[in-house]
Protein chains: 2
Amino acid sequence: MSLRHAMLGLLARGPASGYDLLKLFEISLANVWPATQSQVYAELGRLADADLVKVAAEGPRGRKEYAITDDGVAELRHWLTDVEPNRVGRSDMLLRVFFLDSVDHGQAREYLERQAVVAARSHQSLLGLRDVVAGSDPLETYGRIALEYGLRLTSMQREWAEWAAGEIDRQPGT
Amino acid sequence: MSLRHAMLGLLARGPASGYDLLKLFEISLANVWPATQSQVYAELGRLADADLVKVAAEGPRGRKEYAITDDGVAELRHWLTDVEPNRVGRSDMLLRVFFLDSVDHGQAREYLERQAVVAARSHQSLLGLRDVVAGSDPLETYGRIALEYGLRLTSMQREWAEWAAGEIDRQPGT
DNA sequence: CCGAACATGTAAGCAGTTACATGATTCC
DNA sequence: GGAATCATGTAACTGCTTACATGTTCGG
């Protein structure tokens, strides 16, 4: 139930509407925990039912501004410190690697080279993001730490894919 | 629909029953694309309906051995070469990092140090796996490449988490 | 003979995606 | 006046998890 906690985490920084939360998911959480509009509104309802958030104000166009409650803060802290992150990562990029022996060496190499390019591109786009956010951090230490993870991950992926593409030619067969 | 393709990929190596596939998921795909018993049997039914696999033999205890069909091989190759891997990774470990400003510095540092230990542990377990599989590879080039990904990932995670834990003390606040 | 391993299936429920549906306000 | 943006909600469907349910064969 991480969507729930992502929303609590965002609301811990200040009140927001469903619409606001959606924007925050798109700009800052897109690469970590994407969420759709329909999910956000539905979960806000459940959070309110559970008294982890409450409607703090209503605005024009039916806008409902939600604020986190004390129970919500407690739940967020509990999740942060007591619940083990789950380590099962599904990667359909890596899954394909397992089955690359079903195509010929040329296609396998192409696949890996393409992944190297994609990783390099992601890396560049994260570098761009870093420059945009550059000055703004008094509280943003943790945002920077998460961004650094992305930079290191995409570097690693690029290097690995290039190495792997090279390995293929060292093998006998098609 | 990657479960479907994971199953086709495994069946491309030779016929297997649902039970066999389940074992293969547990031993070789557990860290890349986990699957449960109930998923595997249900998907085998759908694959057979779509003529991507067929029952090739029946054995004792109701055992049904499935073999991939030509259509199945075509579908697998199509997925390998024409379908872009989806790049949205959900990480509940990284999601927590964004919200670590909701707890004090000590708890945040503890969290990151714990992640460093977990990563180191995973790394060790992959090294163990590498030794087990060591001699067996004529076909297993791609298994080794995937394993190398895991090794590089867990190294990166350990280094990052240690670096991040250090960063926290450089910040003002609680 | 008994326990472990082999073997298959169904059902309920939760999480996530895509598509549908509607309406109000602001800015130009 | 009209387009963009703000704003909320519902419905259908797919994929995954957990739990239930049952029966067979092999090895010691």
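All chains are named by letter (A, B, ...) in the order of the sequence lines, taking the proteins before the strands, and each is independently numbered beginning at 1. Just so you know, these numbers come straight off a predicted model, no measurement behind them. Values below: every heavy atom of this structure, side chains too, minus hydrogens, waters and symmetry copies.
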Checklist outcome for this item: Of the listed C/dG16, D/dT8, D/dT25, the closest approach to the A/Ser17 side chain comes from D/dT8

Next on the checklist: Does this structure show an ion pair linking B/Glu84 with A/Arg114, if we count only N-O contacts that are shorter than 4.0 Å?
Outcome noted: yes

Checklist entry - Relative to the 5' end of DNA chain C, which residue comes earlier, A/Gly62 or B/Tyr66, by the nucleotide with the nearest heavy atom? => result B/Tyr66

Checklist entry - Looking at DNA chain D, which of residues 26-57 of chain B put a heavy atom within less than 4.0 Å of it? => result B/Trp33, B/Thr36, B/Ser38, B/Gln39

Checklist entry - Is the distance from OP1 or OP2 of C/dG9 to the nearest side-chain N or O of B/Lys64 less than 4.0 Å? => result yes

Checklist entry - Counting just side-chain N and O atoms, does B/Lys23 come under 4.0 Å of either OP1 or OP2 of C/dC6? => result yes

Checklist entry - Does a side-chain N-to-carboxylate-O contact under 4.0 Å join B/Glu162 and B/Arg158? => result yes

Next on the checklist: So, using side chain to side chain contact (heavy atoms under 4.5 Å, CB included) as the criterion, who are the partners of B/Ser155 when residues are at least two apart?
Outcome noted: B/His123, B/Glu159

Item to check | A/Met7 CE to C/dG16 C1', straight-line distance once rounded to whole Å | outcome: 14 Å

Item to check | Interatomic distance, A/Tyr19 OH vs C/dT26 P [rounded to whole Å] | outcome: 14 Å

Checklist entry - Roughly, in whole Å, what's the span from CG in B/Asn86 to C1' in C/dG16? => result 13 Å

Checklist entry - Does A/Glu148 come within less than 4.0 Å of A/Arg152, counting only side-chain N to carboxylate O? => result yes

Checklist entry - In whole angstrom, what separates B/Met1's CE from D/dT14's P? => result 10 Å

Next on the checklist: Quick check on D/dA4: is either OP1 or OP2 less than 4.0 Å from any side-chain nitrogen or oxygen of A/Arg61?
Outcome noted: no

Checklist entry - Given atom CG of B/Asp20 and atom P of C/dC6, what is their separation to the nearest angstrom? => result 9 Å

Checklist entry - Hey, is A/Lys23 close enough to A/Glu26 for a salt bridge, meaning N to O under 4.0 Å? => result no

Checklist entry - Can you tell me how far P of D/dG15 sits from CZ of B/Phe25, to the nearest Å? => result 14 Å

Checklist entry - Checking all strands, does B/Arg4 fall into the base, sugar-phosphate, or nothing category for heavy-atom contacts under 4.0 angstrom? => result nothing

Checklist entry - Rounded to the nearest Å, what distance is computed from the CG atom of residue B/Leu22 to the P atom of nucleotide D/dT17? => result 12 Å

Checklist outcome for this item: For A/Ala30, the side chain to side chain contact (heavy atoms under 4.5 Å, CB included) test, sequence neighbours excluded, returns none

Checklist entry - Taking only side-chain nitrogens and oxygens of B/Arg63, does any of them come within less than 4.0 Å of OP1 or OP2 of D/dG23? => result no

Checklist entry - What is the distance, rounded to the nearest whole Å, between atom CZ of A/Arg90 and atom C1' of D/dT17? => result 9 Å

Checklist entry - Using 4.0 Å as the upper bound for N to carboxylate O, is an ion pair formed by B/Arg77 and A/Asp104? => result no

